[in-house]
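Reading through the structure tokens given below for one structure.
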Amino acid sequence: QVQLVESGGGSVQPGGSLKLSCVASGFVADYYSVSWFRQTPGKEREGVSCLGSGDLSTAYEDSVKGRFSISRDTAKNTVYLQMDNLKSEDTATYYCAAGLFTPCGLYYRDRNNYKFWGQGTQVTVSS
């Protein structure tokens with residue numbers, strides 16, 4: 001069964017950190033570009049970060065550059081999003097998605113480029 005399962009969300013104070021995990025099953029995630037999106041109620045889902053197949057490219061949304069870092073553990077078929085110095089505006093449901101495109105920078109924002117999606121994990125940043 002093909003699926004992506006996110007975990008690692010939670011509630012933190014501003015300035016805190018969280019590490020999200022996206023575990024893939026039923027396919028080899030290393031062959032795909034894997035991205036993290038986030039969505040808040042009433043807003044469109046937006047691309048946050050992308051890691052290209054074979055780790056040959058990365059991309060970050062401007063507001064998270066220098067604070068978020070995307071990485072992959074091929075042996076575990078897992079992609080991570082390390083989120084540091086979290087801000088209240090990072091509060092959202094975070095989703096991972098996998099698609100067959102490259103490089104990240106040109107294509108990751110378009111949700112139509114993804115074949116698989118996870119169910120999401122909630123991140124709340126509040127004092």
_Show every side-chain hydrogen bond (donor to acceptor under 3.5 Å, both in side chains) that has at least one partner inside residues 52-62, sequence neighbours left out._
Asp55-Arg72, Glu61-Ser63, Asp62-Lys65

_Working for side chain to side chain contact (heavy atoms under 4.5 Å, CB included), residues Leu86 and Leu18_ = CA-CA 8 Å; Leu86 282 160; Leu18 285 173; 4.2 Å; yes

_Closest non-hydrogen atom pair between Trp36 and Ser21, with its separation_ = CH2-O, 3.6 Å

Output a table of donor-acceptor pairs, distance under 3.5 Å, between side-chain atoms of residues 120-127 and any protein atom two or more places apart or on a different chain; print 'none' if there are none.
unit_1 : atom_1 : unit_2 : atom_2 : d
Thr121 : OG1    : Gly9   : N      : 3.2
Gln122 : OE1    : Thr93  : OG1    : 2.8
Gln122 : NE2    : Ala92  : O      : 3.4
Gln122 : NE2    : Thr124 : OG1    : 3.4

*May I have all residue pairs that pass disulfide bond (SG atoms under 2.5 Å apart) and include part of residues 58-94, sequence neighbours excluded?*
none

_Separation of Asp30 CG from Asp73 CG (nearest 0.5 Å)_ = 10.5 Å

*Tell me the salt bridge (charged side-chain N to carboxylate O under 4.0 Å, His left out) pairs involving residues 74-98, sequence neighbours left out?*
Arg38-Asp90, Arg67-Asp90

*Got a sec, which pairs hit side-chain hydrogen bond (donor to acceptor under 3.5 Å, both in side chains) with one end in residues 2-11, sequence neighbours left out?*
none

_If I take atom OG from residue Ser35 and atom CG from residue Leu51, how far apart are they, to the nearest 0.5 angstrom?_
8.5 Å

*When rounded to the nearest 0.5 angstrom, what distance separates CG in Asn85 from OG in Ser17?*
8.0 Å

*Hey, does the side chain of Asn77 reach the backbone of Ala29 with a donor-acceptor pair shorter than 3.5 angstrom?*
yes

*asked:* Working to the nearest 0.5 angstrom, can you tell me the gap between Lys115 NZ and Leu4 CG?
replied: 12.0 Å

_Linked, directly or transitively: Val5 and Val2 (ILVMFWY side chains, under 4.5 Å)_ = no

*Please, which pairs that meet ring-ring contact (aromatic ring centres under 6.0 Å, His included) have at least one residue in residues 9-33, sequence neighbours excluded?*
Phe27-Tyr32, Phe27-Phe116, Tyr32-Phe116

*Give the intermediate values and the outcome of side chain to side chain contact (heavy atoms under 4.5 Å, CB included) for residues Thr91 and Thr40.*
CA-CA 8 Å; Thr91 295; Thr40 55; 5.7 Å; no

_For a side chain to side chain contact (heavy atoms under 4.5 Å, CB included) check, start with the C-alpha distance between Ser25 and Gln1, then their side-chain angles and the critical distance, and finish with the verdict._
CA-CA 7 Å; Ser25 58; Gln1 181 180 1; 6.0 Å; no

_Considering only residues two or more places apart or on different chains, which pairs with a residue in residues 65-127 satisfy disulfide bond (SG atoms under 2.5 Å apart)?_
Cys22-Cys96, Cys50-Cys104

*Roughly how far, to the nearest 0.5 Å, is the CG atom of Leu20 from the CE atom of Met83?*
4.0 Å

*Check which hydrophobic residues are tied to Phe37 through side-chain heavy-atom contacts below 4.5 Å, counting indirect links as well, and list them.*
Tyr95, Phe101, Leu106, Tyr107, Tyr108, Tyr114, Trp117

*Counting heavy atoms not belonging to Gln119, are there more than 12 under 6.0 Å from its CD?*
no

*Got a sec, which residues hit salt bridge (Lys or Arg N to Asp or Glu O under 4.0 Å) with Glu44, two or more places apart in sequence or on another chain?*
Arg111

